[in-house]
Engineer: 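One structure coming up, written as structure tokens, with questions to follow.
FYI, the numbering just counts along the sequence from 1. Values in this document were obtained by computation on a predicted structure and should not be read as measured data.
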Amino acid sequence: MKNNNLLLIGCGLLATTSCQSHDNERPNIIYIMCDDLGYADVGCYGQQYISTPNLDRMAAEGMRFTQAYAGSPVSAPSRASFMTGQHTGHTKVRGNREHRIGSIFYGNNEDPTQTGQEPYDPAHVILPEIMKDNGYTTGMFGKWAGGYEGSVSTPDKRGIDEYYGFMCQFQAHLYYPNFLNSYSRAAGDTAVQRKILQNNINHRMYGEDYKNRKDYSAQLIHERAMQWLDKQSSDKPFFGIFTYTLPHAELAQPQDSIFDMYQKSFDTEATYVGDEGSRYNPTDCGHRQFAAMVTRLDMYVGEIMDKLRSKGLEDNTLVIFTSDNGPHCEGGADPEFFNTEKLLRGTKRSTTEGGIRVPFIAWWPGQVKASSVNDHQLAFYDLMPTFCELAGIENYAERYSNKEIENDYFDGISFAPTLLGKDNQVAHDFLYWEFHETNMMALRMGDWKLVVEKGTCHLYDLKTDLHEDNDLAAQHPDIVENMKAILLREHTDSPMFPITLPQ
């Protein structure tokens, strides 16, 4: 087994020749983060209605985590936690704050001239910047959500060599949008630009005419990701961030063989009248749409694995698959119907387990033990130190902390030892979440889970009460006080994303 975590120690952009000579030994990394896929929406996690053969095979050939957590119960801050290596008590982006500026028409369809979310703090380094600085080729395909168009934080400014997808997650509400965003350093692009989808703009964004649009964004994004992957070789390590939008609302996709396979699968159907303001078109077959979208996502994952095998890259490539948060209730989705195991309570936007515990599969033939199931507790902010350790980037927090910031936090703990089957894994003392929109906080400490709603504390023992039904706060005031103290210590004030702290 190659000792990948000892290679390229201390190498930056000005890497020495000896460091570069080890490029073919450092692992490639592909991080697949889908959108709003629930813990129980995959076959290997208990799903009974939806076919996910490729993800099930990935789990059979790799490691399936049972206690992995998103960075937040909603999209932008969860992605920020991954990118920054910070929990939501420290990172700047803690909610889906929208920026929509100006107006432009594509055909008869109006869109903002600038759009996107709150930018990541440019004073704090993010993961693709670290990987690029240490010799990795970087590509990102899918949802960005880390800064609006033209802001201080766009893919071209934050360590991404090639990008294609949705800069703005509101734009991603449409699967057949007016445009996507694109950037290629190799092609000489100087900034992210819009690529107009001509097969879409002559049809309305909402209503019956919408069905005449032809360019399906999920497929276009996947095709660009596969083209980028096809260009990679064993000569230089690569870091791919594939942030697919499936299976987030709206519930829409091509009427092809994947859609047809669920034609008679459900005795009951979910109908949805639509919401033009949210850009969610109507559907009369929500269950069928959602199931087919998950299977479509599964097909994309299978094609990624097949590409790695065909290029002979599988033995030196770590692939992680996960979801940005729990299942959504938007656009006609029915997570209660698909939560067949009824293991977890809550959905997207809740800091109960259903909102933050996510499927998480690691695949690396010859390195990650096949058919292994692991209960190590991790969160998205652990991915930065894990990837750095595997890439041989030593002392990443010390090297990349901004000395001009009083507290430039890095909150993660590498779980590389767990992946590689070693016995020196360090466990978290606690995991932390906060989300201003629902005014909720949470802390996981061992088997204890503290959920704070509008300042009121609820305590659960997840070992005996995974569904969080029995509030034990009154019986264990000492544990509550201890966990409250950690929450208060870890939280840094954010006027942009205010939260009610526990009293």
Engineer: Does any non-hydrogen side-chain atom of Met33 lie less than 4.5 Å from one of Phe380?
Structural biologist: yes

Engineer: Would you check if Met167 and Thr115 make a side-chain contact, meaning some heavy-atom pair closer than 4.5 Å?
Structural biologist: no

Engineer: I need the Arg349 CZ to Ser75 OG distance, nearest 0.5 Å.
Structural biologist: 9.5 Å

Engineer: Quickly, which of Arg357, Arg345, Lys449 forms a salt bridge (charged side-chain N to carboxylate O under 4.0 Å, His left out) with Glu468? Name it, please.
Structural biologist: Lys449

Engineer: side-chain contact (heavy atoms from CB on, under 4.5 Å), that's the test. Do Leu501 and Leu487 meet it? Break it down for me.
Structural biologist: CA-CA 8 Å; Leu501 297 172; Leu487 282 177; over 6 Å; no

Engineer: After noting the C-alpha distance and the side-chain angles of Ile479 and Leu472, does the key distance pass the side-chain contact (heavy atoms from CB on, under 4.5 Å) rule?
Structural biologist: CA-CA 10 Å; Ile479 295 175; Leu472 302 176; over 6 Å; no

Engineer: Do Tyr300 and Gln219 have side-chain N/O donor and acceptor atoms under 3.5 Å apart?
Structural biologist: yes

Engineer: Output the distance between atom CG (Asn202) and atom CZ (Arg213), rounded to the nearest 0.5 Å.
Structural biologist: 9.0 Å

Engineer: Would you say the side chains of Asp56 and Thr52 form a donor-acceptor pair under 3.5 Å?
Structural biologist: yes

Engineer: Considering the options His90, His491, His436, which one meets the ring-ring contact (aromatic ring centres under 6.0 Å, His included) requirement together with Phe497?
Structural biologist: His436

Engineer: Would you kindly say whether Glu341 and Gln48 are connected by a side-chain donor-acceptor distance under 3.5 Å?
Structural biologist: yes

Engineer: To check you understand the geometry: which heavy-atom pair defines the closest contact between Asp41 and Val294, and what is its length?
Structural biologist: O-CG1, 3.8 Å

Engineer: Does Arg288 reach the main-chain N or O of Phe290 with its side chain, forming a donor-acceptor pair under 3.5 Å?
Structural biologist: no

Engineer: Look at the side chain of Ser153 and the backbone N and O of Pro119, then say whether any donor-acceptor pair between them is shorter than 3.5 Å.
Structural biologist: no

Engineer: Looking at Tyr280 and Tyr206, what are the two nearest heavy atoms and their distance?
Structural biologist: O-CE1, 3.4 Å

Engineer: Has Asp298 got a side-chain atom pairing as donor or acceptor with Asn54's backbone, closer than 3.5 angstrom?
Structural biologist: yes

Engineer: Determine whether the aromatic ring centres of residues Tyr216 and Tyr176 are separated by less than 6.0 angstrom.
Structural biologist: yes

Engineer: Look only at the side chain of Asn199 and the backbone of Lys214, and say whether a donor-acceptor pair between them is shorter than 3.5 Å.
Structural biologist: no

Engineer: Run the numbers on Lys307 and Asp230 for side-chain contact (heavy atoms from CB on, under 4.5 Å), then give the verdict.
Structural biologist: CA-CA 7 Å; Lys307 177 63 68 175; Asp230 199 44; 3.1 Å; yes

Engineer: Show your reasoning for whether side chain to side chain donor-acceptor pair (under 3.5 Å) applies to His428 and Asp382.
Structural biologist: CA-CA 10 Å; His428 276 283; Asp382 292 331; 2.7 Å; yes

Engineer: Under the side chain to side chain donor-acceptor pair (under 3.5 Å) criterion, do Gln289 and Tyr272 qualify, and how do the steps go?
Structural biologist: CA-CA 12 Å; Gln289 287 279 14; Tyr272 179 66; over 6 Å; no

Engineer: Judged by modelled atom types alone, do Asn96 and Glu437 share a side-chain donor-acceptor pair under 3.5 Å?
Structural biologist: no

Engineer: Apply ring-ring contact (aromatic ring centres under 6.0 Å, His included) to the pair Phe430 and Trp448, showing each step before the final yes or no.
Structural biologist: CA-CA 9 Å; Phe430 59 85; Trp448 290 111; over 10 Å; no

Engineer: Is atom NZ of Lys484 surrounded by more than 12 heavy atoms (other residues, nucleotides or ligands) closer than 6.0 Å?
Structural biologist: yes

Engineer: If we count only N and O atoms by modelled type, under 3.5 Å, do the side chains of Thr88 and Arg94 hold a donor and an acceptor together?
Structural biologist: no

Engineer: Is the charged tip of Arg444 near the ring of Tyr69: under 6.0 Å from the six-membered ring centre and within 45° of its axis?
Structural biologist: no

Engineer: Mind checking whether Phe82 and Tyr31 have parallel, tilted or perpendicular rings, split at 30° and 60°?
Structural biologist: parallel

Engineer: Can you see whether Asp324 engages Ser78 through a side-chain donor-acceptor pair at a distance of less than 3.5 angstrom?
Structural biologist: no

Engineer: So do Ile221 and Phe242 actually touch side chain to side chain, heavy atoms under 4.5 Å?
Structural biologist: no

Engineer: Trp228 and ring-ring contact (aromatic ring centres under 6.0 Å, His included): which partner among Tyr183, Phe239, Phe238?
Structural biologist: Phe238

Engineer: For the pair Trp363 (side chain) and Phe321 (backbone), establish whether a donor and an acceptor sit closer than 3.5 Å, ignoring hydrogens and angles.
Structural biologist: no

Engineer: Could you tell me whether the side chain of Gln255 and the main chain of Gln253 form a donor-acceptor pair under 3.5 Å?
Structural biologist: yes

Engineer: Within the 3.5 Å criterion, strictly below it, is a donor on His99 or Glu118 matched to an acceptor on the partner's side chain?
Structural biologist: yes

Engineer: Counting distance only, does the side-chain N/O of Thr243 pair as donor-acceptor with the main-chain N or O of Lys143 below 3.5 Å?
Structural biologist: yes

Engineer: So which of Glu61, Glu314, Met305, Arg309 actually passes side-chain contact (heavy atoms from CB on, under 4.5 Å) with Pro365?
Structural biologist: Glu314

Engineer: Looking just at side-chain N and O atoms, do Gln227 and Tyr164 make a donor-acceptor pair shorter than 3.5 Å?
Structural biologist: no

Engineer: With a 3.5 Å cut-off and no angle check, do the side chains of Glu303 and His222 form a donor-acceptor pair?
Structural biologist: yes

Engineer: Looking at every heavy atom in both Pro73 and Phe435, which two are closest together, and how far apart are they?
Structural biologist: CG-CB, 3.8 Å

Engineer: What I'd like to find out is whether the side chain of Ser72 reaches to under 4.5 Å of the side chain of Asn325, using heavy atoms alone.
Structural biologist: no

Engineer: Do Leu488 and Pro502 have side-chain heavy atoms sitting under 4.5 Å apart?
Structural biologist: yes

Engineer: Is there a donor-acceptor contact under 3.5 Å from the side chain of Thr91 to the main chain of Ser81?
Structural biologist: no

Engineer: Measuring only between side-chain heavy atoms, which start at C-beta, is His376 closer than 4.5 Å to Gln67?
Structural biologist: no

Engineer: Check the pair Asn109 / Asn200 against side-chain contact (heavy atoms from CB on, under 4.5 Å), numbers first and verdict last.
Structural biologist: CA-CA 10 Å; Asn109 302 285; Asn200 291 351; over 6 Å; no

Engineer: Using modelled atom types and a 3.5 Å cut-off, is there a donor and acceptor pairing between side-chain atoms of Lys342 and backbone atoms of Glu336?
Structural biologist: yes

Engineer: Flag the pair Cys44 / Ile361 as yes when at least one side-chain heavy-atom distance between them is below 4.5 Å, and no otherwise.
Structural biologist: yes

Engineer: Before giving the answer on ring-ring contact (aromatic ring centres under 6.0 Å, His included), spell out for His287 and Phe338 the whole-Å C-alpha distance, their side-chain angles and the decisive distance to 0.1 Å.
Structural biologist: CA-CA 8 Å; His287 293 160; Phe338 287 103; 5.7 Å; yes

Engineer: Quick one: CG on Leu251 to CG on Asp284, what's the gap to the nearest 0.5 Å?
Structural biologist: 11.0 Å

Engineer: Using side-chain heavy atoms (C-beta onward) and a distance below 4.5 Å, is Val452 in contact with Ile499?
Structural biologist: no

Engineer: Which atom names give the shortest non-hydrogen contact between Pro335 and Pro327, and what distance separates them?
Structural biologist: CB-CB, 3.8 Å

Engineer: Kindly give the heavy-atom pair with the smallest separation between Met205 and Asn281, and that separation in Å.
Structural biologist: O-ND2, 3.0 Å

Engineer: Gln171 side chain to Leu180 main-chain N or O, any donor-acceptor pair under 3.5 Å?
Structural biologist: no

Engineer: Where do Tyr163 and Gly142 come nearest, in terms of heavy atoms and distance?
Structural biologist: OH-O, 2.7 Å

Engineer: For the atom pair CG (Leu378) and OG1 (Thr322), what is the distance rounded to the nearest 0.5 Å?
Structural biologist: 8.5 Å

